[in-house]
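Bear in mind the structure is a predicted one, so any value in this text is a computation, not a measurement.
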Amino acid sequence: MPKIKTHRGAAKRFSVTKNGKIKRSKAYKSHILTKKSTKRLRGLRQTGYIAECEQKKVREMIPYK
């Protein structure tokens, strides 16, 4: 069978933890930050995880990570 190509956009956005969860960064952190509260921005710094229902799709995009 031929190799599967990695989706380069997904490879830059997601990484797989040792436990097999898929790590992602939070959205809404790039611009218009003045109106967002400090508490909200602190929360956006932390990493999130992909929901169970979306994991299969993401794993297909990053097969070798």
Side-chain angles (χ1 to χ4, degrees):
M1 281 194 68
K3 291 187 212 172
I4 302 166
K5 281 195 172 183
T6 300
H7 188 292
R8 298 312 296 161
K12 291 166 191 173
R13 285 173 172 83
F14 305 115
S15 59
V16 182
T17 63
K18 286 186 180 181
N19 292 333
K21 288 182 180 178
I22 299 174
K23 206 163 58 167
R24 64 168 177 85
S25 57
K26 301 273 179 88
Y28 308 111
K29 183 67 173 77
S30 56
H31 62 98
I32 315 175
L33 301 174
T34 51
K35 62 174 82 168
K36 292 169 191 162
S37 69
T38 314
K39 183 179 178 181
R40 184 173 166 187
L41 292 172
R42 260 200 317 275
L44 293 173
R45 266 186 236 147
Q46 293 153 5
T47 55
Y49 295 98
I50 294 294
E52 286 290 324
C53 58
E54 302 291 336
Q55 280 197 7
K56 188 175 179 236
K57 286 182 207 169
V58 176
R59 279 184 200 285
E60 285 172 6
M61 289 193 281
I62 50 169
Y64 305 111
K65 240 184 169 186

Counting C-beta onward and ignoring hydrogens, is there a side-chain heavy-atom pair between V16 and R59 closer than 4.5 Å? yes
Identify the heavy atoms of [X] and [Y] that sit nearest to each other, and give their distance.
X   : Y   : answer
K29 : R45 : CE-CG, 4.2 Å
P63 : T6  : CD-OG1, 4.0 Å
A27 : L44 : O-CD2, 3.2 Å
K26 : G43 : NZ-O, 3.4 Å
A10 : M61 : CB-CB, 3.9 Å
K36 : H31 : NZ-O, 3.2 Å

For the atom pair [atom1] ([X]) and [atom2] ([Y]), what is the distance rounded to the nearest 0.5 Å?
X   : Y   : atom1 : atom2 : result
Q55 : E52 : CD    : CD    : 4.5 Å
T34 : L41 : OG1   : CG    : 9.5 Å
T38 : L33 : OG1   : CG    : 11.0 Å
K35 : R40 : NZ    : CZ    : 9.5 Å

Please determine whether the number of non-hydrogen atoms from other residues, nucleotides or ligands lying under 6.0 Å from atom NZ of K21 exceeds 12.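 Counting neighbours around NZ of K21, 12 or fewer heavy atoms of other residues, nucleotides or ligands fall under 6.0 Å, so no.
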Please test K57 against I50 for side chain to side chain contact (heavy atoms under 4.5 Å, CB included), starting from the C-alpha separation and ending with a verdict. CA-CA 10 Å; K57 286 182 207 169; I50 294 294; over 6 Å; no
Would you sort out whether F14 and K23 count as a side chain to side chain contact (heavy atoms under 4.5 Å, CB included), showing the intermediate values? CA-CA 6 Å; F14 305 115; K23 206 163 58 167; over 6 Å; no
